[in-house]
Student: 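Below you'll find the structure I mean.
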Number of protein chains: 2
Amino acid sequence: MSTTLLPVIQPEAVACCTPLTSETIDAERADDLAKKLKALADPTRLRLVSIVAASEGGEACVCDLIEPVGLSQPTVSHHLKILMEAGFLTRSKRGTWAYYKLVPGALGQLSQLLDVTASR
Amino acid sequence: MSTTLLPVIQPEAVACCTPLTSETIDAERADDLAKKLKALADPTRLRLVSIVAASEGGEACVCDLIEPVGLSQPTVSHHLKILMEAGFLTRSKRGTWAYYKLVPGALGQLSQLLDVTASR
DNA sequence: ACACTCCATCGACGTTTGTCAATATTCGGA
DNA sequence: TCCGAATATTGACAAACGTCGATGGAGTGT
């Protein structure tokens, strides 16, 4: 398999903080990062994020998510709550329905933290 | 700041593939991604990766990692094994010492998968 | 050969996690 | 006002996880 060239955008605005490995990450930041990664580190939750992102208007209600992931309604609600608390999704209720939507920069910010680490 | 081009070595294992949310991620890919994220989703393991990356020559032996993370030697070895099995670290033994090093593109690849997701 | 150091594995433990059924809550319609 | 539908919460349980102490194996130096 060949090699390709990939454009790398220099982070003029480096997410928020300092590069991840210029110095050793401190325990507090490690804890924070781990929490977010943990929220994403589940196949069901990854699929939920993916489905929501790919949905009409970028949002989906719980009832639309149950069948695709093949789990019970309480379990789906549970996963959505975890994703919300980690800052990846937002919920807006309209009538009896709860619509979940991606938080715009959330995944990108997480991605940048890893990327900076990866660059060394 | 300008943009540069970074050579990316295509791993013989596919793993690169299609954007994460152009279509709904399938269960198999979600499982794979989740495994890697799970390996990183622990504060101790994040610190280990960070310390190894920031170490002299990009590598560190177990004895140098124990004190910084403040855990027992077996626990540190356990975490390092998990990071190895997930493809983030490699081990090379020299004498009695075991030196761990970052796998060059591993974090970047993971980062890209999230980034693609983030772009929508 | 011996002792010592570095590291991995094993066995055990308390905690966290993912899942479900049952129940509660909230809202819209008849 | 009562009923049904969409979600959230609770309680329970098995599986996975993070940690440790004890032990084992492999190198090094004496």
Side-chain angles (χ1 to χ4, degrees), chain A residues 27 30-52 55-57 59-86 88-101, chain B residues 25 27-28 30-52 55-57 59-86 88-101:
Chain A
D31 251 64
D32 205 59
L33 223 190
K35 267 180 204 151
K36 297 196 171 183
L37 287 171
K38 201 167 289 195
L40 236 45
D42 178 274
T44 299
R45 290 198 285 273
L46 284 174
R47 296 179 69 193
L48 287 173
V49 166
S50 175
I51 295 171
V52 166
S55 290
E56 202 79 18
E59 63 179 7
C61 69
V62 179
C63 58
D64 290 333
L65 298 170
I66 295 173
E67 183 267 337
V69 301
L71 294 174
S72 72
Q73 174 266 314
T75 299
V76 172
S77 279
H78 173 239
H79 284 307
L80 291 170
K81 184 181 183 182
I82 290 177
L83 288 168
M84 256 188 45
E85 291 174 344
F88 293 112
L89 294 181
T90 53
R91 172 178 57 195
S92 62
K93 299 207 70 171
R94 291 205 292 279
T96 16
W97 289 267
Y99 288 88
Y100 287 85
K101 188 183 307 196
Chain B
I25 190 176
E28 188 185 356
D31 251 63
D32 203 60
L33 223 189
K35 266 179 205 152
K36 298 197 173 184
L37 287 171
K38 201 168 289 195
L40 236 44
D42 177 274
T44 298
R45 291 197 285 272
L46 285 174
R47 295 178 71 193
L48 287 173
V49 166
S50 174
I51 295 171
V52 166
S55 290
E56 202 80 16
E59 64 179 7
C61 69
V62 180
C63 58
D64 289 334
L65 297 171
I66 296 173
E67 183 268 337
V69 302
L71 294 174
S72 72
Q73 175 265 315
T75 300
V76 172
S77 279
H78 172 240
H79 285 307
L80 290 170
K81 184 182 184 183
I82 290 177
L83 288 169
M84 256 189 43
E85 290 175 344
F88 293 113
L89 295 181
T90 54
R91 172 177 57 196
S92 62
K93 298 208 73 174
R94 291 205 293 279
T96 10
W97 289 267
Y99 288 89
Y100 286 86
K101 191 184 303 196

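All values below come from the heavy atoms of this structure, side chains included, with hydrogens, waters and symmetry mates left out. A note on names: the letters A, B, ... follow the listed sequences, proteins ahead of strands, and every chain is numbered from 1.
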Student: So, is R94(B) close to the dG27(D) phosphate, meaning a side-chain N or O under 4.0 Å from OP1 or OP2?
Tutor: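 No, R94(B) has no side-chain N/O under 4.0 Å of OP1/OP2 on dG27(D).
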Student: Could you tell me whether the phosphate oxygens of dT9(D), OP1 or OP2, come under 4.0 Å of any side-chain nitrogen or oxygen in K81(A)?
Tutor: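 Answer yes for this pair, as a side-chain N or O of K81(A) is under 4.0 Å from OP1 or OP2.
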Student: Rounding to a whole Å, what distance do you find between L46(B):CG and dG18(D):P?
Tutor: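 Nearest whole value for this atom pair: 12 Å.
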Student: Can you list, by residue number, the residues of residues 60-71 of chain A that have a non-hydrogen atom closer than 4.0 angstrom to DNA chain D?
Tutor: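 Correct list: C61(A), V62(A), C63(A).
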Student: Please classify the nucleic acid contact of Y100(B) as base, sugar-phosphate, or nothing, using heavy-atom distances under 4.0 Å.
Tutor: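 Since only primed, P, OP1 and OP2 atoms lie under 4.0 Å of Y100(B), the category is sugar-phosphate.
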Student: Respond yes when some side-chain nitrogen or oxygen of R91(A) is under 4.0 Å from OP1 or OP2 of dT7(D), and no when none is.
Tutor: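 Negative; the distance criterion is not met.
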Student: Rounded off to whole Å, could you give me the OH-to-P distance for the Y99(A) and dC27(C) pair?
Tutor: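 To the nearest whole Å, that distance equals 15 Å.
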Student: Take the protein atom CG of D42(A) and the nucleotide atom C1' of dT19(C), then report the distance between them rounded to whole Å.
Tutor: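 Spelled out: CG on D42(A) to C1' on dT19(C) is 11 Å.
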Student: Check whether any side-chain heavy atom of L65(A) sits under 4.5 Å from a side-chain heavy atom of L80(A), and report yes or no.
Tutor: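 Yes; the side chains approach each other to less than 4.5 Å.
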Student: Can you tell me how far P of dG18(D) sits from CG of L83(B), to the nearest Å?
Tutor: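 Going from L83(B) (CG) to dG18(D) (P), I get 10 Å.
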Student: Atom NE2 of H78(B) to atom P of dT23(D): distance rounded to whole Å?
Tutor: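 So the NE2-P distance, H78(B) to dT23(D), works out to 21 Å.
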Student: Can you check whether any acceptor in the base of dA8(D) is under 3.5 Å from a donor in the side chain of Q73(A), or vice versa?
Tutor: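 Counting by modelled atom types and ignoring angles, a donor-acceptor contact under 3.5 Å is found here.
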Student: Sub-3.5 Å donor-acceptor pair from the side chain of R45(A) to the main-chain atoms of K38(A), do we have one?
Tutor: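 Side chain of R45(A) to backbone of K38(A): a pair is present.
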Student: Looking only at non-hydrogen atoms, find the nearest pair between Y100(B) and V52(B) and report the distance.
Tutor: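 Scanning both residues completely, I find the closest heavy atoms to be O-CG1, 3.4 Å.
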Student: Looking at dG18(D), I'd like to know if its phosphate oxygens (OP1 or OP2) sit under 4.0 Å from a side-chain N or O belonging to R45(B).
Tutor: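 Affirmative; the distance criterion is met.
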Student: Both W97(A) and P74(A) contact DNA chain C. Which one's nearest nucleotide lies toward the 5' end?
Tutor: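 It is P74(A), whose closest nucleotide lies nearer the 5' terminus.
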Student: Rounded to the nearest 0.5 Å, what's the gap from CD1 on I25(B) to CG on L48(A)? Could you check?
Tutor: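 Here the interatomic distance stands at 11.5 Å.
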Student: In whole Å, I'd like the distance from the CD atom of E85(A) to the P atom of dT9(D).
Tutor: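 Whole-Å distance recorded here is 9 Å.
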Student: How close or far is atom C1' of dC7(C) from atom CD of E59(B), stated in whole angstroms?
Tutor: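 After rounding, the reported distance stands at 16 Å.
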Student: Could you check how far NZ of K93(B) sits from P of dT9(C), rounded to whole Å?
Tutor: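 After rounding, the reported distance stands at 10 Å.
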Student: Using OP1 and OP2 only, check whether a side-chain N or O of H79(A) sits under 4.0 Å from dT19(C).
Tutor: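 The answer is yes; a side-chain N or O of H79(A) sits under 4.0 Å from OP1 or OP2.
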Student: So, does S77(A) get its side chain near the phosphate of dA8(D), meaning an N or O under 4.0 Å from OP1 or OP2?
Tutor: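 It does, given that an N or O in the side chain of S77(A) lies less than 4.0 Å from OP1 or OP2 of dA8(D).
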Student: What's the spacing between D31(B) CG and T44(A) OG1 if we round to 0.5 Å?
Tutor: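 One finds 8.5 Å between CG of D31(B) and OG1 of T44(A).
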Student: Taking all non-hydrogen atoms of both residues, which atom of L71(B) and which atom of V76(B) are closest, and how far apart?
Tutor: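 Result for this residue pair: O-CG2, 4.2 Å.
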Student: Can you find a side chain N or O atom of T96(B) that sits less than 4.0 Å from OP1 or OP2 on dT5(C)?
Tutor: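 Checking dT5(C) against T96(B), no side-chain N or O comes under 4.0 Å of OP1 or OP2.
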Student: With no hydrogens and no angle check, just 3.5 Å: does a side-chain donor-acceptor pair link E59(A) and S55(A)?
Tutor: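 There is no such pair between these side chains.
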